[in-house]
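Per chain, numbering begins at 1; letters A, B, ... match sequence-line order.
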Protein chains: 2
Amino acid sequence: MRVSLEDIARAAGVSVKTVSGALHGGSARMAADTRERIQALATELGYVTNLPARGIRQGWLPLIGVVADGVITSPFATHIIRGLDGEASKQQMSVFVTTVSAARDAAATIAEVERFRPRAIAYATMYHKFVDLPEAADRAVGLLINCRSRDAARAALVPAERDAAFTITDYLLRHGRRRPAFLNLPGLLAGELREAGFRQALRAHDLPVVEERIGAAVSGGFYSDKAESLVQARIGAWLAGADAPDAILCGNDRIALEAYNALRRLGARIPDDVAIASFDNQVDIASRLDPPLTTMALPHREMGQLAADILLGLTETPEGVLEVPFRLVERRSV
Amino acid sequence: MRVSLEDIARAAGVSVKTVSGALHGGSARMAADTRERIQALATELGYVTNLPARGIRQGWLPLIGVVADGVITSPFATHIIRGLDGEASKQQMSVFVTTVSAARDAAATIAEVERFRPRAIAYATMYHKFVDLPEAADRAVGLLINCRSRDAARAALVPAERDAAFTITDYLLRHGRRRPAFLNLPGLLAGELREAGFRQALRAHDLPVVEERIGAAVSGGFYSDKAESLVQARIGAWLAGADAPDAILCGNDRIALEAYNALRRLGARIPDDVAIASFDNQVDIASRLDPPLTTMALPHREMGQLAADILLGLTETPEGVLEVPFRLVERRSV
DNA sequence: TCCGGTTGAGTTAACGTTTACCCATGATAG
DNA sequence: CTATCATGGGTAAACGTTAACTCAACCGGA
């Protein structure tokens, strides 16, 4: 049913090895017309490479295994996969994503992926955080994406949160803002690092770090129904007080959306009265707001591409954590 | 480096076949203690099944190949994959998703997946639509998910749009609403079918189908920046006219969100003045609105589960298009 | 005691591919 | 004209696993 090299060889009147060489061998010595004849025959017969058979010979399948921790449903985390896939397919490699779930913990998921003998395995998380993999599983993983080990010893690709915060704050300051506020994402690694970058930029510009202008936008780590009212209360207090901020850097686009709503309700104009900037460049939000939001785009696609290059040996494996820069997307909110 | 059955056999002092039988053979005749001893040894040595090797023997790898048309980034389409994965993993099967992209058309993507010799291949789309696969590719695909062939001859799983619309409209009518309006998704298959179900339910209740109360919420098939103002204009006109609707069935949750905004601006209360119901149960929206939205949940997970059962031969392959029912999620907007 | 049957495990071959090695043919140079 | 070499292609083995077959040992019943 399924056509094999042998079928083609019989049809062409040559040996199996010749067919193999004609179809897959790079530029091994072979008469050009023989090669063409065989290729035509293969197409005609509908030959499809049997990768498992090749895999048993080579010891691996042309796959990059990705163990996804937290469902890869997050609108931007899928960019990691797309970046990986785009790069990998240039090398005839496929990406095999398996997600960790309640029924299958990290170690089990890694083992499941290993069974297929991928060329390399990466461990990717939905948002930037620390991970601790069990010893055995850890050995199988070649690269962490969007997460890092606590000891920072493992090769990892993460967004350069701190640099991004520095950059965007610097950008606000260079645009004449003098009293920027920061509406943070408490309890998240990204939030902490972004806040550090914010503070660092203020210091670099010899501006005072006013603690009252640094606040939490949500109560837990994620959005609750209270997020909206919290943001509103916080911004209300800021605008009512003396020394009201002339710019608000939001922990992410989602918070920026709430900030837009709050400011509109309070009658403040963006960017005239208050400039808004943010992080993530979440497609549903950032470009749709009015005015469109200036934001630091998470380098998910770039991390995916880089990861593919590293795992396929095209780029050297980083020692420890490699921070991948965000991209500044200038729109009209500043 | 990698430990094989032979390594275990040597360590245990038995033959390779005995090890194979002990680890994978169901209940083949074998002394229980031998089996246990071998299993313990395998764990100790860190044996991981070499699936490509088994695959070459069996002719297939324990994979369900999924060709995803349109990036599987849509917040609900991922449920298809999760449903598939959950079911498949019960049978020790993995799901291998490859997305069609600009660089790789449907036929090429299917061929790429075929190389791995999956047990079966499904073709899934991001939203409900018609697809026409090229002949060769078509033969490799065992099931369409969320899409259908024009001639309806191919086995396909799609959401029961029309039934769902009938059900939710019936639900509105049973809750005393008499003048329901429909804010449609023009140009989309789902929209057409939902509208048909809406009309059908009105007729079933002997109510007139008022064409003025059936309108498009967006200009093209998808959301543009104008969606918001279009919905607002439409609802404004409805409420201003005589015979204003006492319920609005929205083409999807996204439209419902716009409707909420429009109604709030116009001072209409939900559900007291106007009931709202919708389709999709999009997690970011439906449960977060105030009041939470009553909506027909797309059966994506169910389609995934069913697809796995069909592709693995646990359930009979449907002849033609099988419509999978939505689930009514009652919240407080009616 | 002998024999059929059952149980446990070994032997061999096969899956489709690639790779290392070998051989025949013809061309080229001395 | 012959020795050498490049060229094109064949042969055989190997990858790790499983399936079909074979064989030895042991047990119970006649």
Chemist: Check the distance between dC15(C)'s P and Asp7(A)'s CG and give it to me in whole angstrom.
Modeler: 11 Å
Chemist: Please give me the minimum heavy-atom distance between Ala140(A) and Ile121(A), naming the atom from each residue.
Modeler: O-CB, 3.6 Å
Chemist: Assign each of Ala53(B) and Gly13(B) to its nearest nucleotide of DNA chain C by heavy atoms, then name whichever residue's nucleotide is nearer the 5' end.
Modeler: Gly13(B)
Chemist: Looking only at side chains, do Arg148(A) and His128(A) share a donor and an acceptor under 3.5 Å apart?
Modeler: yes
Chemist: For Ser15(B), which contact category applies under a 4.0 Å heavy-atom criterion: base, sugar-phosphate, or nothing?
Modeler: base
Chemist: Tell me whether the OP1 or OP2 atom of dG10(C) has a side-chain N or O from Thr18(B) closer than 4.0 Å.
Modeler: yes
Chemist: Would you call Arg139(A) and Glu114(A) a salt bridge, taking side-chain N to carboxylate O under 4.0 Å as the test?
Modeler: no
Chemist: Rounding to a whole Å, what distance do you find between His24(A):NE2 and dT19(C):P?
Modeler: 11 Å
Chemist: What is the minimum heavy-atom distance between Val16(B) and Glu6(B), and which atoms define it?
Modeler: CG2-CA, 3.9 Å
Chemist: Quick one: which residue pairs count as a ring pair (Phe, Tyr, Trp, His ring centres under 6.0 Å) with a foot in residues 38-67 of chain B, not counting sequence neighbours?
Modeler: none
Chemist: Does anything in residues 98-123 of chain A pair up under ring pair (Phe, Tyr, Trp, His ring centres under 6.0 Å), and if so which pairs, sequence neighbours excluded?
Modeler: Phe96(A)-Phe116(A)
Chemist: Nearest-Å distance, CG (Leu5(B)) to P (dA9(C))?
Modeler: 16 Å
Chemist: Are Glu112(B) and Thr98(B) linked by a side-chain donor-acceptor pair shorter than 3.5 Å?
Modeler: no
Chemist: Going by the rule side-chain contact (heavy atoms from CB on, under 4.5 Å), which residues pair with Arg154(B) if we only count those two or more places apart in sequence or in a different chain?
Modeler: Asp138(B), Val141(B), Leu144(B), Ser149(B)
Chemist: Please report, rounded to the nearest Å, how far the P atom of dG16(D) is from the CG atom of Leu51(B).
Modeler: 14 Å
Chemist: Starting from the first five and the last five pairs of the helix from dT1(C)-dA30(D) to dG30(C)-dC1(D), work out the angle between the resulting helix axes, to 10 degrees.
Modeler: 50°
Chemist: For Val14(A), which contact category applies under a 4.0 Å heavy-atom criterion: base, sugar-phosphate, or nothing?
Modeler: sugar-phosphate
Chemist: Can you give each donor-acceptor pair under 3.5 Å made by side-chain atoms of residues 307-324 of chain A, sequence neighbours left out, with the distance rounded to 0.1 Å?
Modeler:
none

Chemist: Send over the distance from Ile8(B) CD1 to dT18(D) P, rounded to a whole Å.
Modeler: 11 Å
Chemist: What's the CG-P distance between Leu61(A) and dT17(C), to the nearest Å?
Modeler: 13 Å
Chemist: Nearest whole angstrom, please: distance from the C1' of dA14(C) to the CD1 of Ile56(B).
Modeler: 9 Å
Chemist: So which nucleotide from dT17(D), dG10(D), dG16(C) ends up closest to the side chain of Asn50(B)?
Modeler: dT17(D)
Chemist: Show me the protein contacts with nucleotides 19-21 of chain D, counting only N or O atoms at under 3.5 Å.
Modeler:
from: dA19(D); atom 1: O4'; to: Arg57(B); atom 2: NH1; distance (Å): 3.3

Chemist: Rounded to the Å, how far apart are Arg37(B) CZ and dG8(C) P?
Modeler: 14 Å
Chemist: Within the structure, does a side-chain N or O atom of Ser20(B) lie under 4.0 Å from either OP1 or OP2 of dT18(D)?
Modeler: yes
